[in-house]
There are 2 protein chains.
Amino acid sequence: MTAPHPPFAVAVDLAVFTIRDGALAVLLVERGEEPFRGSWALPGGFVEPDEDAEQAAWRELREETGMARFPGHLEQLRTYSAPDRDPRQRVVSIAHVALAPDLPEPQAGTDAADARWWVVDDLLEGDDGPTLAFDHRQILLDARERVRAKLEYTTLATEFVAEPFTLPELRRVYAAVWGTPPDLGNFRRKVLGTDGFVVPTDVRGEATEAGGRRALLYRRGTATVVSPPMARG
Amino acid sequence: MTAPHPPFAVAVDLAVFTIRDGALAVLLVERGEEPFRGSWALPGGFVEPDEDAEQAAWRELREETGMARFPGHLEQLRTYSAPDRDPRQRVVSIAHVALAPDLPEPQAGTDAADARWWVVDDLLEGDDGPTLAFDHRQILLDARERVRAKLEYTTLATEFVAEPFTLPELRRVYAAVWGTPPDLGNFRRKVLGTDGFVVPTDVRGEATEAGGRRALLYRRGTATVVSPPMARG
DNA sequence: GTAATAGTGTCTTTGAGACAGTATTCG
DNA sequence: CGAATACTGTCTCAAAGACACTATTAC
(Lines give C-alpha, C1' and ligand atoms only; values in the text may rest on other atoms or scores of the structure.)
Protein backbone atom coordinates (compact mmCIF):
# COMPACT_ATOMS: atom_id res chain seq x y z
CA MET A 1 0.00 0.00 0.00
CA THR A 2 2.94 2.30 0.51
CA ALA A 3 5.01 1.61 -2.59
CA PRO A 4 4.66 3.91 -5.56
CA HIS A 5 2.09 2.50 -7.90
CA PRO A 6 2.45 2.72 -11.65
CA PRO A 7 -0.11 4.59 -13.69
CA PHE A 8 -2.89 2.57 -15.28
CA ALA A 9 -5.53 3.58 -17.73
CA VAL A 10 -9.01 2.34 -16.87
CA ALA A 11 -11.46 1.63 -19.65
CA VAL A 12 -14.94 0.21 -20.01
CA ASP A 13 -15.90 -2.15 -22.81
CA LEU A 14 -19.44 -3.09 -23.71
CA ALA A 15 -21.04 -6.20 -25.09
CA VAL A 16 -24.37 -4.82 -26.27
CA PHE A 17 -26.76 -7.60 -27.23
CA THR A 18 -30.02 -7.62 -29.08
CA ILE A 19 -32.13 -10.14 -30.97
CA ARG A 20 -32.12 -9.65 -34.72
CA ASP A 21 -33.83 -12.02 -37.14
CA GLY A 22 -34.14 -14.65 -34.48
CA ALA A 23 -30.46 -14.65 -33.56
CA LEU A 24 -28.44 -13.14 -30.74
CA ALA A 25 -26.50 -10.18 -32.13
CA VAL A 26 -23.81 -7.95 -30.69
CA LEU A 27 -22.71 -4.42 -31.57
CA LEU A 28 -19.14 -4.07 -32.85
CA VAL A 29 -17.20 -1.06 -34.11
CA GLU A 30 -14.47 -1.10 -36.72
CA ARG A 31 -11.45 0.58 -35.25
CA GLY A 32 -10.27 3.70 -37.03
CA GLU A 33 -7.01 3.98 -35.12
CA GLU A 34 -4.03 1.98 -34.06
CA PRO A 35 -3.66 -0.44 -32.54
CA PHE A 36 -5.85 -2.94 -34.38
CA ARG A 37 -6.87 -0.36 -36.97
CA GLY A 38 -9.41 -1.99 -39.25
CA SER A 39 -10.24 -4.73 -36.76
CA TRP A 40 -13.64 -5.09 -35.17
CA ALA A 41 -13.93 -4.51 -31.46
CA LEU A 42 -16.43 -4.08 -28.68
CA PRO A 43 -17.36 -0.43 -28.19
CA GLY A 44 -15.78 1.20 -25.19
CA GLY A 45 -13.64 4.02 -23.93
CA PHE A 46 -11.77 5.45 -21.02
CA VAL A 47 -13.33 6.29 -17.69
CA GLU A 48 -13.36 10.03 -16.98
CA PRO A 49 -12.09 11.49 -13.70
CA ASP A 50 -15.51 12.35 -12.33
CA GLU A 51 -17.48 9.24 -13.22
CA ASP A 52 -17.57 5.64 -12.09
CA ALA A 53 -17.44 2.67 -14.41
CA GLU A 54 -21.19 2.33 -14.74
CA GLN A 55 -21.62 5.98 -15.65
CA ALA A 56 -18.85 5.64 -18.20
CA ALA A 57 -20.54 2.57 -19.65
CA TRP A 58 -23.90 4.36 -19.94
CA ARG A 59 -22.20 7.31 -21.57
CA GLU A 60 -20.42 5.13 -24.11
CA LEU A 61 -23.61 3.21 -24.71
CA ARG A 62 -25.48 6.38 -25.58
CA GLU A 63 -22.64 7.62 -27.74
CA GLU A 64 -22.20 4.33 -29.60
CA THR A 65 -25.86 3.57 -30.16
CA GLY A 66 -26.75 7.17 -30.82
CA MET A 67 -29.67 6.95 -28.39
CA ALA A 68 -30.27 9.68 -25.86
CA ARG A 69 -32.21 7.25 -23.71
CA PHE A 70 -30.97 3.70 -24.09
CA PRO A 71 -33.98 1.50 -23.33
CA GLY A 72 -32.33 -1.62 -21.95
CA HIS A 73 -30.40 -3.19 -19.13
CA LEU A 74 -26.73 -2.70 -18.19
CA GLU A 75 -24.57 -4.57 -15.70
CA GLN A 76 -20.93 -5.12 -14.95
CA LEU A 77 -19.45 -8.35 -16.30
CA ARG A 78 -15.87 -8.61 -15.03
CA THR A 79 -12.54 -6.83 -15.27
CA TYR A 80 -9.81 -7.85 -17.66
CA SER A 81 -6.32 -6.96 -16.58
CA ALA A 82 -3.68 -8.99 -18.39
CA PRO A 83 -0.54 -6.80 -18.46
CA ASP A 84 -0.15 -7.12 -22.23
CA ARG A 85 -3.79 -6.88 -23.26
CA ASP A 86 -3.19 -3.45 -24.81
CA PRO A 87 0.12 -3.02 -26.68
CA ARG A 88 0.28 0.73 -26.02
CA GLN A 89 0.24 0.84 -22.27
CA ARG A 90 -1.25 -0.79 -19.23
CA VAL A 91 -5.04 -0.71 -19.57
CA VAL A 92 -7.48 -2.58 -17.39
CA SER A 93 -10.94 -2.86 -18.83
CA ILE A 94 -14.11 -3.12 -16.78
CA ALA A 95 -16.35 -5.03 -19.17
CA HIS A 96 -20.12 -4.63 -19.14
CA VAL A 97 -23.08 -6.41 -20.66
CA ALA A 98 -26.06 -4.53 -22.04
CA LEU A 99 -29.33 -5.89 -23.40
CA ALA A 100 -31.78 -4.05 -25.57
CA PRO A 101 -34.75 -4.66 -27.83
CA ASP A 102 -34.02 -4.42 -31.51
CA LEU A 103 -32.29 -1.06 -32.06
CA PRO A 104 -31.85 1.02 -35.21
CA GLU A 105 -28.65 0.55 -37.19
CA PRO A 106 -25.89 2.25 -35.24
CA GLN A 107 -23.93 5.27 -36.38
CA ALA A 108 -20.18 5.03 -36.48
CA GLY A 109 -18.81 7.17 -33.66
CA THR A 110 -15.90 9.54 -33.75
CA ASP A 111 -13.21 6.93 -33.23
CA ALA A 112 -14.84 4.22 -35.27
CA ALA A 113 -14.64 3.69 -39.01
CA ASP A 114 -17.87 1.74 -38.97
CA ALA A 115 -20.35 0.17 -36.58
CA ARG A 116 -22.79 -2.69 -37.11
CA TRP A 117 -24.56 -5.66 -35.57
CA TRP A 118 -23.03 -9.12 -35.84
CA VAL A 119 -24.64 -12.48 -35.19
CA VAL A 120 -22.79 -13.74 -32.13
CA ASP A 121 -22.57 -17.34 -33.29
CA ASP A 122 -20.94 -16.21 -36.52
CA LEU A 123 -18.25 -14.49 -34.47
CA LEU A 124 -17.69 -17.24 -31.92
CA GLU A 125 -18.50 -20.53 -33.62
CA GLY A 126 -17.65 -20.47 -37.30
CA ASP A 127 -14.41 -19.37 -38.92
CA ASP A 128 -16.41 -16.84 -40.93
CA GLY A 129 -16.29 -13.91 -38.58
CA PRO A 130 -13.47 -11.44 -38.17
CA THR A 131 -10.82 -11.76 -35.49
CA LEU A 132 -11.69 -9.38 -32.70
CA ALA A 133 -9.27 -6.79 -31.35
CA PHE A 134 -7.56 -7.07 -27.96
CA ASP A 135 -9.04 -9.79 -25.74
CA HIS A 136 -12.52 -8.96 -26.95
CA ARG A 137 -13.22 -12.48 -28.15
CA GLN A 138 -12.79 -13.72 -24.60
CA ILE A 139 -14.93 -10.91 -23.24
CA LEU A 140 -17.63 -11.76 -25.75
CA LEU A 141 -17.50 -15.44 -24.78
CA ASP A 142 -17.88 -14.55 -21.11
CA ALA A 143 -20.65 -12.07 -21.88
CA ARG A 144 -22.64 -14.59 -23.89
CA GLU A 145 -22.35 -17.12 -21.10
CA ARG A 146 -23.55 -14.51 -18.60
CA VAL A 147 -26.62 -13.80 -20.71
CA ARG A 148 -27.37 -17.49 -21.23
CA ALA A 149 -27.10 -18.17 -17.54
CA LYS A 150 -29.16 -15.19 -16.46
CA LEU A 151 -32.07 -16.12 -18.70
CA GLU A 152 -32.38 -19.23 -16.57
CA TYR A 153 -32.93 -17.64 -13.21
CA THR A 154 -34.00 -14.06 -13.93
CA THR A 155 -36.67 -12.28 -15.95
CA LEU A 156 -33.98 -10.56 -18.01
CA ALA A 157 -35.34 -11.94 -21.28
CA THR A 158 -38.01 -9.22 -21.18
CA GLU A 159 -35.24 -6.64 -21.70
CA PHE A 160 -34.79 -8.02 -25.21
CA VAL A 161 -38.33 -7.15 -26.31
CA ALA A 162 -40.09 -3.82 -26.65
CA GLU A 163 -43.31 -3.31 -24.71
CA PRO A 164 -45.91 -4.47 -25.23
CA PHE A 165 -44.82 -7.91 -26.35
CA THR A 166 -46.33 -11.33 -26.95
CA LEU A 167 -45.29 -14.60 -25.31
CA PRO A 168 -44.23 -16.07 -28.66
CA GLU A 169 -41.90 -13.09 -29.05
CA LEU A 170 -40.48 -13.68 -25.60
CA ARG A 171 -40.06 -17.36 -26.38
CA ARG A 172 -38.08 -16.49 -29.46
CA VAL A 173 -35.63 -14.63 -27.21
CA TYR A 174 -34.90 -17.87 -25.37
CA ALA A 175 -34.66 -19.72 -28.67
CA ALA A 176 -32.11 -17.22 -29.96
CA VAL A 177 -29.97 -17.14 -26.83
CA TRP A 178 -30.05 -20.84 -26.05
CA GLY A 179 -30.04 -22.07 -29.62
CA THR A 180 -33.17 -24.13 -29.14
CA PRO A 181 -36.70 -23.04 -28.21
CA PRO A 182 -38.17 -24.11 -24.89
CA ASP A 183 -41.25 -26.32 -25.12
CA LEU A 184 -44.24 -24.14 -25.88
CA GLY A 185 -46.58 -25.34 -23.19
CA ASN A 186 -43.98 -25.62 -20.48
CA PHE A 187 -42.66 -22.17 -21.32
CA ARG A 188 -46.08 -20.59 -20.96
CA ARG A 189 -46.71 -22.45 -17.74
CA LYS A 190 -43.43 -21.19 -16.29
CA VAL A 191 -43.74 -17.55 -17.39
CA LEU A 192 -47.41 -17.19 -16.46
CA GLY A 193 -46.91 -19.16 -13.24
CA THR A 194 -44.07 -16.92 -12.04
CA ASP A 195 -45.72 -14.07 -10.20
CA GLY A 196 -44.74 -10.72 -11.69
CA PHE A 197 -42.79 -12.06 -14.67
CA VAL A 198 -45.24 -10.53 -17.14
CA VAL A 199 -48.54 -8.67 -16.74
CA PRO A 200 -51.24 -9.19 -19.33
CA THR A 201 -52.96 -6.41 -21.22
CA ASP A 202 -56.35 -7.03 -22.75
CA VAL A 203 -55.08 -6.27 -26.22
CA ARG A 204 -54.04 -8.70 -28.92
CA GLY A 205 -51.14 -8.20 -31.28
CA GLU A 206 -51.10 -7.72 -35.00
CA ALA A 207 -51.78 -10.52 -37.40
CA THR A 208 -48.77 -11.92 -39.21
CA GLU A 209 -48.77 -12.16 -42.97
CA ALA A 210 -49.16 -15.91 -42.80
CA GLY A 211 -52.27 -15.69 -40.66
CA GLY A 212 -52.82 -17.56 -37.43
CA ARG A 213 -54.25 -16.65 -34.09
CA ARG A 214 -53.30 -13.22 -32.75
CA ALA A 215 -51.32 -13.37 -29.52
CA LEU A 216 -52.15 -11.51 -26.34
CA LEU A 217 -49.86 -8.60 -25.45
CA TYR A 218 -48.00 -8.33 -22.14
CA ARG A 219 -45.80 -5.86 -20.28
CA ARG A 220 -42.83 -6.52 -18.01
CA GLY A 221 -43.70 -7.36 -14.42
CA THR A 222 -41.80 -6.39 -11.30
CA ALA A 223 -40.28 -9.81 -10.63
CA THR A 224 -36.56 -10.18 -11.25
CA VAL A 225 -35.84 -13.77 -10.26
CA VAL A 226 -37.31 -17.02 -11.51
CA SER A 227 -37.24 -19.75 -8.90
CA PRO A 228 -36.75 -22.54 -9.52
CA PRO A 229 -34.92 -21.55 -12.68
CA MET A 230 -36.10 -22.20 -16.19
CA ALA A 231 -34.11 -25.15 -17.50
CA ARG A 232 -31.83 -24.65 -20.46
CA GLY A 233 -32.42 -27.17 -23.22
CA MET B 1 -9.97 6.65 -27.10
CA THR B 2 -7.85 9.54 -28.27
CA ALA B 3 -8.18 11.94 -25.38
CA PRO B 4 -5.58 11.97 -22.66
CA HIS B 5 -6.71 9.76 -19.85
CA PRO B 6 -6.05 10.58 -16.24
CA PRO B 7 -3.90 8.28 -14.14
CA PHE B 8 -5.66 5.73 -11.98
CA ALA B 9 -4.30 3.41 -9.37
CA VAL B 10 -5.58 -0.15 -9.63
CA ALA B 11 -5.87 -2.23 -6.49
CA VAL B 12 -7.17 -5.63 -5.51
CA ASP B 13 -9.13 -6.25 -2.34
CA LEU B 14 -9.87 -9.64 -0.87
CA ALA B 15 -12.75 -11.07 1.09
CA VAL B 16 -11.15 -14.23 2.49
CA PHE B 17 -13.75 -16.48 4.10
CA THR B 18 -13.45 -19.49 6.32
CA ILE B 19 -15.65 -21.37 8.77
CA ARG B 20 -14.66 -20.89 12.41
CA ASP B 21 -16.64 -22.28 15.31
CA GLY B 22 -19.60 -22.93 13.08
CA ALA B 23 -19.80 -19.38 11.73
CA LEU B 24 -18.72 -17.73 8.51
CA ALA B 25 -15.65 -15.62 9.22
CA VAL B 26 -13.68 -13.12 7.18
CA LEU B 27 -10.11 -11.91 7.44
CA LEU B 28 -9.65 -8.20 8.20
CA VAL B 29 -6.56 -6.10 8.80
CA GLU B 30 -6.29 -3.06 11.00
CA ARG B 31 -4.88 -0.24 8.96
CA GLY B 32 -1.58 1.16 10.17
CA GLU B 33 -1.61 4.16 7.84
CA GLU B 34 -3.80 6.99 6.71
CA PRO B 35 -6.41 7.14 5.49
CA PHE B 36 -8.59 5.17 7.88
CA ARG B 37 -5.68 4.53 10.24
CA GLY B 38 -6.94 2.26 13.00
CA SER B 39 -9.96 1.15 11.02
CA TRP B 40 -10.47 -2.43 9.94
CA ALA B 41 -10.38 -3.20 6.24
CA LEU B 42 -10.26 -6.04 3.77
CA PRO B 43 -6.70 -7.01 2.91
CA GLY B 44 -5.50 -5.80 -0.46
CA GLY B 45 -2.91 -3.84 -2.31
CA PHE B 46 -1.92 -2.35 -5.60
CA VAL B 47 -1.47 -4.32 -8.77
CA GLU B 48 2.14 -4.44 -9.93
CA PRO B 49 3.18 -3.57 -13.51
CA ASP B 50 3.91 -7.14 -14.56
CA GLU B 51 0.97 -9.01 -13.02
CA ASP B 52 -2.74 -9.23 -13.67
CA ALA B 53 -5.39 -8.82 -11.01
CA GLU B 54 -5.62 -12.50 -10.17
CA GLN B 55 -1.88 -12.80 -9.69
CA ALA B 56 -1.94 -9.73 -7.49
CA ALA B 57 -4.76 -11.24 -5.47
CA TRP B 58 -2.89 -14.53 -4.98
CA ARG B 59 0.21 -12.62 -3.97
CA GLU B 60 -1.67 -10.55 -1.42
CA LEU B 61 -3.41 -13.65 -0.17
CA ARG B 62 -0.12 -15.39 0.50
CA GLU B 63 1.31 -12.29 2.09
CA GLU B 64 -1.69 -11.62 4.30
CA THR B 65 -2.30 -15.20 5.39
CA GLY B 66 1.37 -15.98 5.67
CA MET B 67 0.89 -19.18 3.71
CA ALA B 68 3.27 -20.10 0.91
CA ARG B 69 0.62 -22.31 -0.64
CA PHE B 70 -2.87 -21.03 0.02
CA PRO B 71 -5.10 -24.12 -0.07
CA GLY B 72 -8.41 -22.64 -1.20
CA HIS B 73 -10.37 -21.09 -4.00
CA LEU B 74 -10.07 -17.58 -5.45
CA GLU B 75 -12.30 -15.77 -7.92
CA GLN B 76 -13.00 -12.24 -9.04
CA LEU B 77 -16.05 -10.60 -7.47
CA ARG B 78 -16.53 -7.22 -9.13
CA THR B 79 -14.80 -3.89 -9.56
CA TYR B 80 -15.56 -0.86 -7.42
CA SER B 81 -14.89 2.45 -9.06
CA ALA B 82 -16.71 5.32 -7.34
CA PRO B 83 -14.59 8.45 -7.95
CA ASP B 84 -14.43 9.30 -4.25
CA ARG B 85 -14.00 5.82 -2.80
CA ASP B 86 -10.41 6.64 -1.80
CA PRO B 87 -9.80 10.14 -0.45
CA ARG B 88 -6.18 10.26 -1.58
CA GLN B 89 -6.54 9.70 -5.28
CA ARG B 90 -8.53 7.85 -7.87
CA VAL B 91 -8.32 4.14 -7.07
CA VAL B 92 -10.40 1.42 -8.67
CA SER B 93 -10.44 -1.83 -6.78
CA ILE B 94 -10.90 -5.23 -8.36
CA ALA B 95 -12.43 -7.16 -5.48
CA HIS B 96 -11.99 -10.91 -5.10
CA VAL B 97 -13.50 -13.65 -2.98
CA ALA B 98 -11.39 -16.43 -1.50
CA LEU B 99 -12.51 -19.51 0.42
CA ALA B 100 -10.36 -21.68 2.62
CA PRO B 101 -10.59 -24.34 5.29
CA ASP B 102 -9.85 -23.14 8.78
CA LEU B 103 -6.50 -21.34 8.67
CA PRO B 104 -4.04 -20.50 11.42
CA GLU B 105 -4.28 -17.08 13.03
CA PRO B 106 -2.93 -14.57 10.53
CA GLN B 107 0.19 -12.49 11.01
CA ALA B 108 -0.12 -8.75 10.69
CA GLY B 109 1.60 -7.75 7.46
CA THR B 110 3.91 -4.86 6.89
CA ASP B 111 1.20 -2.23 6.36
CA ALA B 112 -1.19 -3.62 8.95
CA ALA B 113 -1.22 -2.92 12.64
CA ASP B 114 -3.11 -6.13 13.27
CA ALA B 115 -4.92 -8.92 11.46
CA ARG B 116 -7.64 -11.29 12.65
CA TRP B 117 -10.75 -13.24 11.76
CA TRP B 118 -14.17 -11.72 12.31
CA VAL B 119 -17.55 -13.40 12.33
CA VAL B 120 -19.25 -11.95 9.26
CA ASP B 121 -22.67 -11.59 10.83
CA ASP B 122 -21.15 -9.57 13.68
CA LEU B 123 -19.77 -7.16 11.09
CA LEU B 124 -22.83 -6.90 8.89
CA GLU B 125 -25.87 -7.49 11.08
CA GLY B 126 -25.31 -6.16 14.56
CA ASP B 127 -24.07 -2.75 15.61
CA ASP B 128 -21.28 -4.46 17.53
CA GLY B 129 -18.69 -4.65 14.79
CA PRO B 130 -16.35 -1.90 13.70
CA THR B 131 -17.08 0.38 10.77
CA LEU B 132 -15.08 -0.83 7.82
CA ALA B 133 -12.74 1.41 5.86
CA PHE B 134 -13.50 2.68 2.34
CA ASP B 135 -16.44 0.91 0.69
CA HIS B 136 -15.39 -2.38 2.22
CA ARG B 137 -18.71 -2.92 3.95
CA GLN B 138 -20.42 -2.97 0.57
CA ILE B 139 -17.76 -5.26 -0.86
CA LEU B 140 -18.22 -7.62 2.06
CA LEU B 141 -22.00 -7.61 1.58
CA ASP B 142 -21.58 -8.45 -2.10
CA ALA B 143 -18.98 -11.10 -1.33
CA ARG B 144 -21.18 -12.83 1.24
CA GLU B 145 -24.05 -12.90 -1.20
CA ARG B 146 -21.79 -14.39 -3.85
CA VAL B 147 -20.74 -17.16 -1.50
CA ARG B 148 -24.30 -17.84 -0.38
CA ALA B 149 -25.49 -18.05 -3.97
CA LYS B 150 -22.64 -20.22 -5.16
CA LEU B 151 -23.22 -22.82 -2.47
CA GLU B 152 -26.58 -23.41 -4.10
CA TYR B 153 -25.47 -24.36 -7.55
CA THR B 154 -21.80 -25.34 -7.22
CA THR B 155 -19.70 -27.73 -5.16
CA LEU B 156 -17.78 -24.80 -3.70
CA ALA B 157 -18.67 -25.75 -0.13
CA THR B 158 -15.94 -28.39 -0.27
CA GLU B 159 -13.36 -25.60 -0.44
CA PHE B 160 -14.26 -24.72 3.14
CA VAL B 161 -13.19 -28.09 4.54
CA ALA B 162 -9.82 -29.80 4.61
CA GLU B 163 -9.53 -33.22 3.03
CA PRO B 164 -10.55 -35.74 4.01
CA PHE B 165 -13.84 -34.53 5.46
CA THR B 166 -17.11 -35.97 6.70
CA LEU B 167 -20.58 -35.15 5.43
CA PRO B 168 -21.62 -33.68 8.79
CA GLU B 169 -18.63 -31.31 8.49
CA LEU B 170 -19.71 -30.33 5.01
CA ARG B 171 -23.26 -29.84 6.20
CA ARG B 172 -22.02 -27.47 8.90
CA VAL B 173 -20.54 -25.31 6.12
CA TYR B 174 -24.01 -24.83 4.68
CA ALA B 175 -25.41 -24.18 8.14
CA ALA B 176 -22.80 -21.48 8.75
CA VAL B 177 -23.17 -19.75 5.39
CA TRP B 178 -26.94 -19.93 5.15
CA GLY B 179 -27.68 -19.47 8.82
CA THR B 180 -29.71 -22.64 9.03
CA PRO B 181 -28.71 -26.26 8.41
CA PRO B 182 -30.21 -28.13 5.47
CA ASP B 183 -32.30 -31.16 6.37
CA LEU B 184 -29.96 -34.02 7.18
CA GLY B 185 -31.47 -36.69 4.98
CA ASN B 186 -32.17 -34.45 2.04
CA PHE B 187 -28.66 -33.01 2.24
CA ARG B 188 -27.09 -36.45 2.06
CA ARG B 189 -29.37 -37.48 -0.78
CA LYS B 190 -28.37 -34.41 -2.76
CA VAL B 191 -24.62 -34.58 -2.15
CA LEU B 192 -24.31 -38.33 -2.67
CA GLY B 193 -26.70 -38.23 -5.62
CA THR B 194 -24.71 -35.55 -7.44
CA ASP B 195 -22.12 -37.40 -9.45
CA GLY B 196 -18.63 -36.26 -8.60
CA PHE B 197 -19.54 -33.95 -5.71
CA VAL B 198 -17.65 -36.08 -3.18
CA VAL B 199 -15.81 -39.40 -3.44
CA PRO B 200 -15.89 -41.79 -0.49
CA THR B 201 -12.87 -43.24 1.18
CA ASP B 202 -13.21 -46.44 3.18
CA VAL B 203 -12.02 -44.76 6.34
CA ARG B 204 -14.09 -43.40 9.18
CA GLY B 205 -13.33 -40.24 11.11
CA GLU B 206 -12.34 -39.77 14.68
CA ALA B 207 -14.79 -40.12 17.49
CA THR B 208 -15.96 -36.92 19.12
CA GLU B 209 -15.70 -36.43 22.84
CA ALA B 210 -19.42 -36.92 23.23
CA GLY B 211 -19.39 -40.26 21.47
CA GLY B 212 -21.69 -41.25 18.65
CA ARG B 213 -21.21 -43.05 15.39
CA ARG B 214 -18.03 -42.21 13.49
CA ALA B 215 -18.68 -40.62 10.11
CA LEU B 216 -17.25 -41.82 6.82
CA LEU B 217 -14.54 -39.64 5.27
CA TYR B 218 -14.76 -38.21 1.76
CA ARG B 219 -12.62 -36.25 -0.67
CA ARG B 220 -13.62 -33.58 -3.17
CA GLY B 221 -14.92 -34.88 -6.48
CA THR B 222 -14.42 -33.39 -9.90
CA ALA B 223 -17.91 -31.97 -10.29
CA THR B 224 -18.27 -28.20 -10.06
CA VAL B 225 -21.98 -27.62 -10.64
CA VAL B 226 -25.00 -28.92 -8.77
CA SER B 227 -28.08 -29.19 -10.96
CA PRO B 228 -30.76 -28.65 -10.02
CA PRO B 229 -29.40 -26.40 -7.28
CA MET B 230 -29.52 -27.14 -3.59
CA ALA B 231 -32.31 -25.02 -2.16
CA ARG B 232 -31.44 -22.38 0.39
CA GLY B 233 -33.52 -22.64 3.53
C1' DG C 1 -62.10 -25.54 -46.49
C1' DT C 2 -56.32 -25.51 -45.38
C1' DA C 3 -52.27 -23.62 -43.37
C1' DA C 4 -50.37 -21.26 -39.75
C1' DT C 5 -49.89 -19.64 -35.40
C1' DA C 6 -51.70 -19.17 -30.34
C1' DG C 7 -53.09 -21.39 -26.49
C1' DT C 8 -54.84 -25.44 -23.13
C1' DG C 9 -54.81 -29.88 -20.86
C1' DT C 10 -52.85 -34.00 -19.02
C1' DC C 11 -49.96 -37.97 -18.10
C1' DT C 12 -45.47 -39.24 -16.47
C1' DT C 13 -41.30 -38.63 -14.03
C1' DT C 14 -38.07 -36.33 -11.16
C1' DG C 15 -36.74 -34.60 -7.12
C1' DA C 16 -37.40 -31.68 -2.98
C1' DG C 17 -39.70 -31.45 1.99
C1' DA C 18 -40.63 -33.55 5.97
C1' DC C 19 -39.77 -36.71 9.22
C1' DA C 20 -39.68 -41.51 11.23
C1' DG C 21 -36.77 -45.04 12.01
C1' DT C 22 -32.14 -47.78 12.35
C1' DA C 23 -26.92 -48.07 13.30
C1' DT C 24 -22.73 -47.20 15.70
C1' DT C 25 -19.91 -45.51 19.27
C1' DC C 26 -19.01 -43.23 23.62
C1' DG C 27 -19.46 -42.97 28.73
C1' DC D 1 -27.70 -49.50 29.73
C1' DG D 2 -28.57 -44.25 27.74
C1' DA D 3 -26.96 -40.33 25.21
C1' DA D 4 -25.12 -38.66 21.17
C1' DT D 5 -24.10 -38.71 16.63
C1' DA D 6 -24.32 -40.97 11.80
C1' DC D 7 -27.10 -42.85 8.48
C1' DT D 8 -31.39 -44.92 5.82
C1' DG D 9 -36.08 -45.23 4.24
C1' DT D 10 -40.47 -43.54 2.84
C1' DC D 11 -44.58 -40.80 2.10
C1' DT D 12 -46.18 -36.55 0.03
C1' DC D 13 -46.19 -32.80 -2.99
C1' DA D 14 -44.43 -29.38 -6.42
C1' DA D 15 -42.93 -28.82 -10.78
C1' DA D 16 -40.52 -30.07 -15.10
C1' DG D 17 -40.77 -33.03 -19.68
C1' DA D 18 -43.25 -34.55 -23.25
C1' DC D 19 -46.86 -34.23 -26.18
C1' DA D 20 -51.80 -34.32 -27.68
C1' DC D 21 -55.45 -31.44 -28.29
C1' DT D 22 -58.38 -27.02 -29.11
C1' DA D 23 -58.84 -21.94 -30.76
C1' DT D 24 -58.38 -18.14 -33.87
C1' DT D 25 -56.98 -15.89 -37.96
C1' DA D 26 -55.53 -15.27 -43.15
C1' DC D 27 -56.05 -16.97 -47.50
Side-chain angles (χ1 to χ4, degrees), chain A residues 22 151-153 155 157 161 164-175 178-218 223 225-233, chain B residues 22 151-153 155 157 161 164-175 178-218 223 225-233:
Chain A
L151 286 211
E152 294 187 42
Y153 63 93
T155 61
V161 291
F165 54 86
T166 67
L167 292 192
E169 274 181 83
L170 189 62
R171 179 164 167 254
R172 282 190 284 273
V173 171
Y174 285 87
W178 286 348
T180 174
D183 177 87
L184 174 75
N186 301 337
F187 174 77
R188 292 180 60 88
R189 181 173 59 196
K190 186 72 177 173
V191 171
L192 297 175
T194 299
D195 221 64
F197 196 154
V198 297
V199 294
T201 68
D202 51 1
V203 185
R204 295 193 169 271
E206 296 299 303
T208 62
E209 59 175 42
R213 188 170 176 173
R214 289 157 62 200
L216 194 59
L217 291 167
Y218 293 83
V225 297
V226 176
S227 172
M230 194 172 312
R232 214 190 290 196
Chain B
L151 284 210
E152 294 188 44
Y153 63 93
T155 61
V161 292
F165 53 85
T166 66
L167 292 191
E169 274 183 82
L170 188 62
R171 179 164 167 254
R172 281 190 285 272
V173 171
Y174 286 86
W178 287 346
T180 172
D183 176 87
L184 174 75
N186 300 337
F187 173 77
R188 293 180 58 89
R189 181 173 60 195
K190 187 70 178 176
V191 172
L192 296 175
T194 299
D195 222 64
F197 197 153
V198 295
V199 294
T201 68
D202 52 1
V203 184
R204 294 192 170 272
E206 297 299 301
T208 63
E209 59 176 42
R213 187 170 178 174
R214 290 157 62 200
L216 194 59
L217 291 167
Y218 293 83
V225 298
V226 177
S227 172
M230 195 173 309
R232 214 189 291 195

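A quick note: this is a predicted structure, and the numbers were derived from the prediction, not measured. The figures here come from the full heavy-atom set of this structure, side chains too, leaving out hydrogens, waters and symmetry mates. Note on naming: letters A, B, ... go to the chains in the order of the sequence lines (proteins, then strands), and numbering restarts at 1 for each one.
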Is any side-chain nitrogen or oxygen of [X] closer than 4.0 Å to OP1 or OP2 of [N]?
X	N	value
B:R204	D:dC7	yes
A:R188	C:dT5	no
B:K190	C:dA16	yes

Given that A:L216 and B:G185 both sit by DNA chain C, which one's nearest nucleotide is further toward the 5' end?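 Between the two, 5'-proximity favours A:L216.
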CD of A:E169 versus P of C:dG7: gap in Å, rounded?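 Interatomic distance, CD of A:E169 to P of C:dG7: 11 Å.
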Reckon B:L184 touches a base, only the sugar-phosphate, or nothing at all at heavy-atom distances under 4.0 Å?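 It contacts base atoms.
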Nearest-nucleotide pick for [X], side chain only, options being [options]:
X	options	result
A:R189	C:dT5, D:dA6, D:dA16	D:dA16
A:D183	C:dA23, D:dC19, D:dG17	D:dC19
B:R213	C:dA6, D:dG17, C:dA23	C:dA23
B:R214	C:dG7, C:dC26, D:dA16	C:dC26
A:N186	D:dG17, C:dT25, C:dA6	D:dG17
B:A215	C:dA16, C:dG7, D:dC7	D:dC7

Considering only heavy atoms from C-beta outward, does the side chain of A:V226 approach that of A:V191 to under 4.5 Å?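 In short, these two side chains do not touch, never coming nearer than 4.5 Å.
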For B:M230 and B:K190, which heavy atoms make the closest approach, and how far apart are they?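 Heavy atoms of B:M230 and B:K190 come nearest at CE-CG, 3.7 Å.
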